[in-house]
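A short write-up of the structure that comes next.
Order of the sequence lines fixes the chain letters, A, B, ..., with proteins taken first and strands second; residue numbering starts at 1 for each chain. Basis for what follows: all heavy atoms, side chains included, without hydrogens, waters or symmetry-related copies.
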Amino acid sequence: MNAVIIPAILLILAGFAYQIGLRASVRAASAAPTVSMHSRPSYHGWLAVLRAAVPAVVVYLIWYLFGGGIVDSMVLAQIPAANLPESVLAQDALMQRIFNLSTGFGVAGEAQAWESSAAAHMAMLYGYGRTITFALMATVAALGLFFSWRKTTPATRARNKVEKFITTAMLACSAVAILTTLGIVLSMLGEAIKFFSFVNPLDFFFGTTWNPRFVTVGTEGQAGFGMVPLLAGTMMIALIAMLVATPLGLLTAIFTSEYASDRVRAIVKPLVEVLAGIPTIVYGFFALVTVGPFLTDLGAFFGLDIRATSALTAGLVMGIMIIPFVSSLSDDIITQVPRAMRDGSLALGGTKSETIIKIVVPAALPGIVGALLLAVSRAIGETMIVVLAAGNAPVLTANPFEAVSTVTVSIVNQLTGDQDFSSPQSLVAFALGLTLFAMTLVLNVIALVVVRRYREQYE
Amino acid sequence: MNNASTAKSGVDGFASNEARTQHIASTLKRRRNKEFRFRMMGILAVCFSIGLVGILFGTILAKGIPSFWQATFVLDVEFSPEIVKIDPKPVQEAGESPAEYEKRVNDWANRLNFINFNRLLLNSVAKVLPETEENRRAVLEMFASATRFDLRNLVIDDPSIVGKTVKLDLLASANVDVWLKGNIDRSLPDAQQQLSADARKWSDQLYEMGVIQNKFSTSLFVNADSRSSPASAGLAGAFVGSLMMMIVVILLAVPIGVAAAVYLEEFAPQNKFTDFIEVNINNLAAVPSIVFGLLGASVFIIMLNLPLSAPIVGGLVLTLMTLPTVIIATRASLKAIPPSIREGALALGASRVQAVTDHVLPLARPGILTATIIGVAQALGETAPLLLIGMSAFVANIPSTPFDPSTALPVQIYLWNGNELRNFFEGRTSAVIIILLALMLTLNSLAIWLRKKFEIRW
């Protein structure tokens, strides 16, 4: 309910404030007809909106962020010590129970008398809190409006103030990227550290058995959290994917940038890029339903035993997915090789293919390597194809016809079960995620540096 | 001089001009062949890639299109008063509050649940195929198990239907659908067949008689997922869930992304801090999507206690994921606008903010729109992060607010793909894929069209 009413009230307030600011500026202008206004009326309007709404929103945010905690501690202080559980977790559960009682949500079992009274106390405190918050919001908004109405003069630098606010807000928006990165690192680090308090990091990074399901904490068998098999599976699939995507992607890029006429290029490029727009779950389904059985039949024809869900299936399909990625990046880089280098080779009598193989590709090589590194990082982080098509068998094997498991598959498996979020079985997902993040980060940074270095060469 | 050098077996190692010409002529063929082969390899690679697109689309269309049509009974159902014994629907009395009235209506509807609607089905099938009287279970096996609720709802909607005979379209069960479409090996022994021998025989007979027809499946579009009655499982819940997430993404990612891009491109001073922001954005664009799922699980679910499986959480996660895309693409379109536009505005006395809001942004609007569409399309197809925030839970309702449990189109593919009734759900999964791909292609071609239409060469 609050989610609709509060923005609505704020919107109405903003409209009202805009009018106040506008009128104040008109009044100021007519009061001093000989002086010209510093800012246009609409800026005065917007300034009034900011002065009224920003403090009100800040007051609401403070209540939203800290109100619950304050009420909780006040209620907790009222509960008789005899009924107060020792552990923090049990206290949290109790507070949740009281909260449910106070909102009339209903709880399991019979509510005891002291619980009911605590709930009533809580409801009352929330009521007071809300009333005080709304009263405060109204007061600060009214003060802001009053200030705008009284202090608007021709010299008021409304435009500069509004613009200052806009640029600050924009800066805050760009900082979201930093916050996201920070959020990723901190949240995963926090959960991963919890995990490493259960399991020795050495066992995790160098252990060769992955079987977290049957491991209970505190018992002997903590060897079930070794990620080496997952890493090996990830690498194998990424390797197969690159073996498919590199030649196909590179040749496609060379063809479209060097050989194809403009018309052919205009048709071929978007068609290949369709592959990039297909959701990966669709590739996974395609692998499972079409490619897997096809490979099994093909293997049977040659007397090979290929499983339908195997590293080969997942790798092949992932390779298809990466083709447009390789081709469009390499295409960019190849077209950046200056015309003069090609002309030189052609003038000396080289054929087109000789020019490409001996001049263009070597000149573009660092950039292409960067593009391939980016593709590898994408292959390592890809999830849905491997979830559906790799077979999920976390064993060390060098046979691509066998089922394997990957880091991403294990993350999905560990977090989609019915485990408690604080059990090591769930926490291990964050340790895996952190490893994955670190791996792709290193690859991405190297790739970006290589691509950028290379681009600057010819600019 | 020239003569002398050629005579002394020349700089390039040939005894004479003729020898050189001869050598070139002999290698020329080889080189031309090589050229031809290389060119062919390029063409083959392109054909192979495009062929893969074709195979992918071909197999999915071949599997999915038949699923848009479902085996449906077209039956005359007699709502005979002997079976449907029900008092008239209660009428609101004077002085009765709406709540009391609603309670009485609910009571009345609950009493309807005790009526044996299956009897109606048995009777109407027996009318066209009298021998079905012998094996009632086999008859009921042929109907989707939600059918009796459909009949009940008909009575609730219009109680005057009792006593009439109505021609109705009723969904056949998933097993009948699979059997009639031939998606199951008909020669399998009895023990391995899902349907009993009678049901199989009668399905074929009824199909020939035209009582079972292959009709366009509206339930696929209007129903939510269903476990008890697979034939009436639909994707409306997933569609609404996806739609809500897209709205969250558009409402959050676009303003934040555009503001960030404008700041970095137009206002940011060149210093360490803005450099750091830039590196961050480029890096986030390449972070695996599942990592964003982990972020969502630990920050939104564990720390902020937001509900599991809710579109609002999914939307937030996808917003964080698409932000870099929107920012990078918006910056590219801002970069393409020549400085003269800004300088012109500044020269006339506009402030830098005014130059941006009144001149640069309107000109960059097509580029921003394209960036938005590409970002939304990317978010629409994403599955992995949604699995980690619980959106793979089974949900049988269409969500009405973003805080209700829900699933999404790509997740529905994942769920149906893992369903035990593989024969039936493989087609259904392909049908959702077709819808999802159609949405993606529409969005992507819209982006291309917009770019073409508003392309300005300065």
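Here the CD1-OG1 distance, from B:Ile389 to A:Thr416, works out to 13.0 Å after rounding to the nearest 0.5 Å. Between A:Ser174 atom OG and B:Asn280 atom CG the span is 11.0 Å, to the nearest 0.5 Å. Atom CG in B:Leu284 sits 10.0 Å away from atom CG in A:Leu441 (nearest 0.5 Å).
Closest of all the heavy-atom pairs between B:Phe267 and A:Thr167 is CD2-CG2, 3.8 Å. Minimum heavy-atom separation, A:Gly433 to B:Leu294: CA-CD1, 3.4 Å. Minimum heavy-atom separation, A:Thr440 to B:Pro288: OG1-CD, 3.5 Å. The two residues A:Leu448 and B:Asn282 make their nearest non-hydrogen contact at CD1-CB, 4.1 Å.
Heavy atoms of A:Ile411 lying under 4.5 Å from chain B belong to its backbone as well as its side chain. Heavy-atom distances place both the backbone and the side chain of A:Val412 under 4.5 Å from chain B. If you measure heavy-atom distances from A:Thr351 to chain B, the contacts under 4.5 Å come from both the backbone and the side chain. With a threshold of 4.5 angstrom between heavy atoms, A:Glu163 approaches chain B through its backbone and through its side chain. Of the two parts of A:Leu271, the backbone and the side chain both hold a non-hydrogen atom closer than 4.5 Å to a non-hydrogen atom of chain B. Heavy atoms closer than 4.5 Å to chain B are found nowhere in A:Leu250, neither backbone nor side chain.
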Side-chain atoms of residues 376-387 of chain A: list all donor-acceptor pairs with protein atoms under 3.5 Å, sequence neighbours left out, distances to 0.1 Å.
from     : atom 1 : to       : atom 2 : distance (Å)
A:Ser377 : OG     : A:Leu374 : O      : 3.4
A:Ser377 : OG     : A:Asn444 : OD1    : 2.8
A:Glu382 : OE2    : A:Met384 : N      : 3.0
A:Glu382 : OE2    : A:Ile385 : N      : 3.4
A:Thr383 : OG1    : A:Gly381 : O      : 3.3

Could you tabulate the donor-acceptor pairs under 3.5 Å formed by side-chain atoms of residues 429-443 of chain B, not counting sequence neighbours?
from     : atom 1 : to       : atom 2 : distance (Å)
B:Thr429 : OG1    : B:Phe425 : O      : 2.4
B:Ser430 : OG     : B:Glu426 : O      : 3.0
B:Thr442 : OG1    : B:Ala438 : O      : 2.4

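For a heavy-atom cut-off of 4.5 Å, chain A lies close to B:Val46, B:Phe48, B:Ser49, B:Ile50, B:Leu52, B:Val53, B:Ile55 in residues 46-55 of chain B.
Judged as a salt bridge (charged side-chain N to carboxylate O under 4.0 Å, His left out), the pairs with a partner in residues 278-295 of chain B (not counting sequence neighbours) are, in order, B:Glu278-B:Arg331.
Side-chain atoms of B:Thr59 and A:Phe294, non-hydrogen and from C-beta on, never get closer than 4.5 Å to each other.
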